[in-house]
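Comments concern the structure below.
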Amino acid sequence: MATLGIPQNTIEILQKYQFRFQKKFGQNFLIDTHVLERIVEASEITKDDCVLEIGPGIGTMTQYLAEAAGHVVAVEIDHNLIPILEETLSSYQNVTVLNEDILKVDIQELAQTYHDGKPLKVVANLPYYITTPIVMSLLEGDAPIKSITIMVQKEVADRMQEGPGSKEYGALSLAVQYYARPQIVANVPANCFMPRPAVGSAVIRLQLYETPPVMVKDEKKMFALIRAAFNQRRKTLSNALQNGGIGVTREEVTQALRMMGVSETIRGEALSLQQFAQLSDALFEK
Ligand code: SAM
């Protein structure tokens, strides 16, 4: 029975082990059973799934995941949490806890070891200080991943989901949308966590594509182009790219934009993923 989502039980176990929250690890533990149930429901886990949980904390969500999944591999960086996890997860035979930094874990090897190389489902209440590096390494890496259901800062969830014309639209939106279909499934207020974070949160589900929704000849060059465009987002695209260190001149950019039938004074924030792919192919085809 999952029991830790109840605040009193969380307080008791924290006191028993005299646990001290570490700010540097982004520790905000969930204390709301409705939110926990919503995350597990949105991740559509079945007994055929192997779940990778990033940052189990005291094992609150891990208990819910263990009840729904075939196996759960939980990667936790803070060694002070390991004895707590041993107690809170002792009745689950299908959980493996690894005391490691997720950014240093070979997830492909992990999928091989725990799920015969089949795709994993990632579920996490992420440490907010490294949300983007974690998400990007999951999306860009070679590990087989089916979906990623994560709690992130509300503002970051918005950035992942927005399209051209919105002020949240940027390099993260395009990177996420190249690899996955994002969908915000819940907004979560600060009082659902202990301690309370200073920001609002949201649960977002990223359903990974088998093939990207746009074709591009060199995706690395396209992402370098996108980064350059949004590094100076207030400038026109031709000015931003000319100074963007990607080896293209202003004239080359304006010519490519003309060819695409797009205004020469357009800013990067108005271009869709499809148009960035087109521009990248036009600029870097040689
Ligand atoms: N899943 C728990 C919950 O929902 O109550 C805890 C979530 S808390 C926001 C983030 C967790 O990630 C903490 O337990 C923290 O120690 C862990 N963490 C932080 N950085 C990490 C890293 N690089 N690798 C693995 N775990 C990390």
Side-chain angles (χ1 to χ4, degrees), residues 2-14 17 19-43 45 51-69 72-89 92 95-107 110 120-138 141 143 148-154 156-157 186 188-204:
T3 54
L4 282 172
I6 297 156
Q8 192 50 40
N9 295 352
T10 294
I11 292 167
E12 256 171 43
I13 195 105
L14 292 175
Y17 286 85
F19 178 77
R20 292 193 189 290
F21 287 100
Q22 298 228 49
K23 227 180 167 168
K24 67 169 180 181
F25 288 144
Q27 293 175 336
N28 301 96
F29 297 164
L30 268 168
I31 48 163
D32 186 296
T33 53
H34 297 294
V35 174
L36 287 153
E37 282 159 14
R38 184 73 193 101
I39 296 172
V40 177
E41 179 196 8
S43 57
I45 296 164
V51 172
L52 166 60
E53 185 190 7
I54 299 163
I58 58 170
T60 310
M61 193 154 75
T62 325
Q63 292 184 338
Y64 286 79
L65 296 171
E67 282 174 20
V72 181
V73 183
V75 178
E76 174 55 60
I77 197 169
D78 185 354
H79 65 87
N80 290 323
L81 288 165
I82 304 303
I84 302 184
L85 288 165
E86 273 164 19
E87 174 173 337
T88 58
L89 302 174
Y92 298 96
V95 178
T96 307
V97 175
L98 303 175
N99 184 199
E100 290 189 54
D101 176 347
I102 189 63
L103 293 176
K104 296 188 180 144
V105 171
D106 182 339
I107 298 171
L110 187 143
L120 306 169
K121 287 187 177 170
V122 177
V123 186
N125 170 15
L126 282 182
Y128 293 172
Y129 75 108
I130 44 167
T131 298
T132 304
I134 291 177
V135 172
M136 290 319 300
S137 73
L138 293 172
I148 303 172
T149 308
I150 42 177
M151 178 85 73
V152 297
Q153 270 186 53
K154 170 80 177 95
V156 175
V188 182
N191 62 7
C192 296
F193 302 87
M194 183 189 295
R196 291 181 184 204
V199 292
S201 302
V203 179
I204 189 163

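In this chain, residues are counted from 1 in sequence order. Counting starts at 1 for both ligands and their atoms, in listed order.
- Nearest protein heavy-atom neighbour of atom 20 (N) of ligand 1: Y129 OH, 2.9 Å.
- Any N or O atom pair closer than 3.5 Å counts here, and L126 shares no such pair with ligand 1.
- Residue, atom and distance of the protein heavy atom nearest to atom 5 (O) of ligand 1 are L30 N, 2.9 Å.
- Of all atoms in ligand 1, numbered sequentially from 1 with element shown, those under 4.0 Å from a heavy atom of G26 are 8 (S), 9 (C), 10 (C).
- Looking at A124 against ligand 1, nothing comes within 4.0 Å, counting heavy atoms.
- Contact annotation for E53 and ligand 1: only side-chain heavy atoms (C-beta onward) come within less than 4.0 Å of the ligand.
- Of all the heavy atoms in P83 and Y17, the pair that sits closest is O-OH, 3.7 Å.
- Residues L36 and G5 share a closest heavy-atom pair of CD1-CA, 3.6 Å.
- Considering backbone and side-chain N/O atoms, I102 comes within less than 3.5 Å of an N/O atom of ligand 1.
- With a 4.0 Å heavy-atom cut-off, ligand 1 is reached by the side chain of L81 but not by its N, CA, C or O.
- The nearest heavy-atom contact from the protein to atom 19 (C) of ligand 1 is F25 O, 3.1 Å.
- Polar contact check, G55 against ligand 1: a nitrogen or oxygen pair lies under 3.5 Å apart.
- Using modelled atom types, one side-chain atom of T10 and one backbone atom of L4 make a donor-acceptor pair closer than 3.5 Å.
- Counting only residues at least two apart or in different chains, salt bridge (charged side-chain N to carboxylate O under 4.0 Å, His left out) contacts with residues 72-87 comprise K16-E87.
- Taken from CD1 in I13 to OG1 in T60, the straight-line distance is 9.5 Å, to the nearest 0.5 Å.
- Panel note: side chain N28, backbone F193; no donor-acceptor pair is recorded below 3.5 Å.
- Nearest heavy atom pair, residue Q63 against residue T88, reads NE2-O, 3.0 Å.
- In terms of polar-atom proximity, E76 is counted as a contact of ligand 1, with an N or O under 3.5 Å from an N or O of the ligand.
- When hydrogens are left out, the protein atom nearest atom 23 (N) of ligand 1 is D101 OD1, 2.9 Å; that is the closest non-hydrogen contact.
- N125 ND2, 2.9 Å is the protein heavy atom nearest to atom 4 (O) of ligand 1.
- Under a 3.5 Å cut-off, the side chain of N99 and the backbone N or O of V75 do not form any donor-acceptor pair.
- Every N/O-N/O distance between D78 and ligand 1 stays at or above 3.5 Å.
- Separating the CG atom in L14 from the CE atom in M194 is a distance of 6.5 Å, to the nearest 0.5 Å.
- The structure places CG of L30 at 10.0 Å from CD1 of I58, a figure rounded to the nearest 0.5 Å.
- Of the protein's non-hydrogen atoms, the one nearest atom 26 (N) of ligand 1 is I77 N, 3.3 Å.
- Interface atoms of ligand 1 facing Q27, defined by a heavy-atom separation under 4.0 Å, are 13 (C), 15 (C), 16 (O).
- Here atom 2 (C) of ligand 1 lies nearest to P56 when heavy atoms of A74, P56, P127 are compared.
- For R38, the salt bridge (charged side-chain N to carboxylate O under 4.0 Å, His left out) criterion is met by E41, not counting sequence neighbours.
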